[in-house]
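Below is one structure, written out as structure tokens; the observations come after it.
One is the number of the first residue; the rest follow in order along the sequence.
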Amino acid sequence: MTASTDIIKEIAEQLDCGLRTYMHKTTEELLFVPDTDNYPDMDWEAWDEDLELLENHFDDYWEIEKWSTRESFEMMASFAEQLTENRLKSRLIEALNKKKPFREFKFVIDHSDFRQQWFDFRDKKQQVFVKEQLNRLKHLDE
């Protein structure tokens, strides 16, 4: 199984939106369902069919995990470190060392000319994360 770039990108996007993501081990069919921890009061009716499919055939699917808070922090630090614009680099590193680093980083990046560059960098890192995870899952099943 070698997931296409489009599939990897879709998985990364859905994980970033807070959905739990599953891939069928042989067909690569994707299922996306809300995470009950993030959306406890959500109306689940729209996902009944997918949830039933997962319940009845759970072993046929891999769950692709979302990156951890630590991994998200490392993405932000990695972005800051690779910048050649020293003033923004310093501001981002300072933001990451404050009490609420995610909020501080977002504020600095949102008020800079590098916002889109950050999104592009983050998207690529998330896609690499998904691809590596799929490769690990495939090898575990062999």
Side-chain angles (χ1 to χ4, degrees), residues 1-85 88-142:
M1 189 247 357
T2 308
S4 73
T5 303
D6 289 341
I7 288 174
I8 290 168
K9 183 177 179 184
E10 182 177 6
I11 292 169
E13 288 171 354
Q14 296 302 322
L15 287 170
D16 200 38
C17 290
L19 295 176
R20 294 182 73 174
T21 303
Y22 299 86
M23 176 186 271
H24 193 275
K25 293 176 181 179
T26 55
T27 67
E28 295 188 2
E29 173 193 10
L30 299 174
L31 295 177
F32 304 106
V33 295
D35 187 340
T36 56
D37 294 335
N38 294 333
Y39 306 104
D41 299 327
M42 180 175 266
D43 179 10
W44 294 90
E45 190 174 321
W47 288 277
D48 280 348
E49 191 175 307
D50 289 341
L51 291 168
E52 185 176 335
L53 185 62
L54 283 170
E55 186 177 319
N56 293 329
H57 302 282
F58 189 78
D59 290 338
D60 295 338
Y61 289 85
W62 289 309
E63 180 173 6
I64 296 93
E65 301 280 333
K66 183 176 173 45
W67 36 91
S68 67
T69 302
R70 179 186 54 79
E71 289 159 330
S72 293
F73 183 89
E74 288 172 1
M75 269 187 242
M76 294 185 300
S78 179
F79 176 76
E81 288 298 329
Q82 60 87 42
L83 286 172
T84 56
E85 209 300 310
L88 179 61
K89 181 178 186 173
S90 296
R91 289 181 63 215
L92 288 172
I93 291 170
E94 182 181 317
L96 291 172
N97 286 300
K98 289 187 176 181
K99 190 173 185 175
K100 297 192 180 212
F102 290 89
R103 182 179 71 187
E104 297 292 335
F105 182 94
K106 182 180 181 335
F107 179 82
V108 172
I109 206 69
D110 284 350
H111 294 89
S112 75
D113 294 334
F114 290 81
R115 188 170 185 264
Q116 188 58 50
Q117 188 177 338
W118 157 243
F119 288 136
D120 294 343
F121 179 89
R122 184 196 64 191
D123 291 348
K124 286 179 187 170
K125 290 287 189 185
Q126 290 172 341
Q127 289 170 34
V128 167
F129 178 88
V130 167
K131 186 175 183 176
E132 289 172 351
Q133 190 175 163
L134 287 173
N135 288 334
R136 248 187 341 271
L137 289 168
K138 177 187 172 195
H139 289 298
L140 287 175
D141 273 2
E142 291 178 343

Determine whether Asp50 and Tyr22 make a side-chain contact, defined as any pair of heavy atoms from C-beta on separated by less than 4.5 Å.
-> no
Kindly compute the distance separating CG (Leu31) from CD (Glu63), expressed to the nearest 0.5 Å.
-> 11.0 Å
Compare all side-chain heavy atoms of Lys125 with those of Trp67 and state whether any distance is below 4.5 angstrom.
-> no
Backbone N/O of Asp60 and side chain of His57: donor-acceptor pair under 3.5 Å | no
Side chain to side chain contact (heavy atoms under 4.5 Å, CB included) between Glu55 and Leu51, intermediate numbers included | CA-CA 6 Å; Glu55 186 177 319; Leu51 291 168; over 6 Å; no
Quick one: pull up CD in Gln14 and CZ in Phe32 and give me the separation to the nearest 0.5 Å.
-> 4.5 Å
Less than 4.5 Å apart, any side-chain heavy atom of Leu134 and any of Ile11?
-> yes
Taking the side chain as every heavy atom from C-beta outward, state whether Arg122 and Asp16 have any atom pair closer than 4.5 Å.
-> yes
Charged N-O contact under 4.0 Å between Lys9 and Asp123 | no
Does Lys131 NZ have over 12 foreign heavy atoms under 6.0 Å away?
-> no
Would one find more than 12 heavy atoms of other residues, nucleotides or ligands at under 6.0 Å from atom CD of Glu52?
-> no
Give every donor-acceptor pair under 3.5 Å between a side-chain atom in residues 71-81 and any protein atom, sequence neighbours left out.
unit_1: Glu71; atom_1: OE1; unit_2: Ser68; atom_2: N; d: 2.6
unit_1: Glu71; atom_1: OE1; unit_2: Ser68; atom_2: OG; d: 3.1
unit_1: Ser72; atom_1: OG; unit_2: Ser68; atom_2: O; d: 3.3
unit_1: Glu74; atom_1: OE1; unit_2: Arg70; atom_2: NH1; d: 3.3
unit_1: Glu74; atom_1: OE2; unit_2: Arg70; atom_2: NH1; d: 2.9

Euclidean distance, Glu104 CD relative to Lys99 NZ, rounded to 0.5 Å = 11.0 Å
Please, which pairs that meet side-chain hydrogen bond (donor to acceptor under 3.5 Å, both in side chains) have at least one residue in residues 107-121, sequence neighbours excluded?
-> Lys106-Asp110, Asp110-Arg115, Gln116-Asp120
Please tell me if the side chains of Tyr61 and Glu29 come closer than 4.5 Å, counting only heavy atoms from C-beta onward.
-> yes
Working to the nearest 0.5 Å, report the span between CG of Leu15 and CD of Gln127.
-> 11.5 Å
Side chain to side chain contact (heavy atoms under 4.5 Å, CB included) between Phe105 and Lys98: does it pass, once the steps are laid out?
-> CA-CA 9 Å; Phe105 182 94; Lys98 289 187 176 181; over 6 Å; no
dist Leu96:CG -> Phe102:CZ (nearest 0.5 Å) comes out at 8.5 Å
Before giving the answer on side chain to side chain contact (heavy atoms under 4.5 Å, CB included), spell out for Leu137 and Lys25 the whole-Å C-alpha distance, their side-chain angles and the decisive distance to 0.1 Å.
-> CA-CA 9 Å; Leu137 289 168; Lys25 293 176 181 179; over 6 Å; no
Using a 4.5 Å cut-off on heavy atoms from C-beta on, say whether the side chain of Phe119 contacts that of Ile109.
-> no
In this structure, CG of Leu30 is separated from CG of Leu19 (nearest 0.5 Å) by 11.5 Å
